[in-house]
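Take a look at the structure below.
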Amino acid sequence: MKKFKVLLSRNYIVTIEAENEENAKIYSKYFISGVYAFLLMKKRKNHKFRINEIEMTINDAFEVKEIEYE
């Protein structure tokens, strides 16, 4: 099989409950680093927030480059 690098762009709308706007921004950026981060984040008890919904609005692949094997 061939190996490729793919440039992806994804945008999300996150509905979050948090103590204030700044924490909402910080927690959204930190905990939405991947699909599984959402599941792990639900178990965290040291932060006072909850993500209620994640809606992907854009999911595009822009560039594909084949990687040569070394």
Side-chain angles (χ1 to χ4, degrees):
M1 290 177 52
K2 296 180 179 182
K3 193 176 200 181
F4 300 92
K5 284 189 178 181
V6 180
L7 174 63
L8 297 176
S9 176
R10 291 184 173 169
N11 291 349
Y12 299 92
I13 296 174
V14 177
T15 304
I16 184 170
E17 295 176 33
E19 295 172 310
N20 54 52
E21 288 181 23
E22 187 62 27
N23 285 352
K25 287 189 334 187
I26 291 169
Y27 297 151
S28 294
K29 288 193 282 184
Y30 178 74
F31 287 101
I32 307 301
S33 59
V35 175
Y36 299 106
F38 176 71
L39 299 174
L40 295 173
M41 169 271 320
K42 283 186 165 185
K43 296 179 181 179
R44 298 194 183 256
K45 295 182 180 180
N46 56 340
H47 298 288
K48 294 181 180 179
F49 76 100
R50 178 174 50 199
I51 293 179
N52 297 321
E53 182 179 357
I54 303 171
E55 177 187 352
M56 186 181 303
T57 58
I58 296 174
N59 184 17
D60 288 322
F62 291 98
E63 182 181 316
V64 178
K65 180 179 179 182
E66 187 173 351
I67 300 171
E68 299 293 327
Y69 288 98
E70 298 177 3

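The shown structure was predicted, so the numbers you read here are calculated from the model rather than taken from an experiment.
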Could you measure the distance from the OG1 atom of T15 to the CD1 atom of I54? Nearest 0.5 Å is fine.
9.0 Å
Run the side-chain contact (heavy atoms from CB on, under 4.5 Å) test against K65 and tell me which residues pass, sequence neighbours left out.
none
Which residues pass the side-chain contact (heavy atoms from CB on, under 4.5 Å) test with E21, sequence neighbours left out?
none
Listed partners of D60 passing side-chain hydrogen bond (donor to acceptor under 3.5 Å, both in side chains), at least two apart:
none
Results of salt bridge (Lys or Arg N to Asp or Glu O under 4.0 Å) for E17 - residues two or more places apart only:
R50
Starting from L7 and following side-chain heavy-atom contacts under 4.5 Å between hydrophobic residues (I, L, V, M, F, W, Y), which residues can be reached?
F62
Minimum heavy-atom separation for S28 and V14, please, with both atom names.
OG-CG1, 3.8 Å
Besides V64, the hydrophobic cluster formed by Ile, Leu, Val, Met, Phe, Trp and Tyr side chains linked at under 4.5 Å, directly or via other members, contains F4, V6, L8
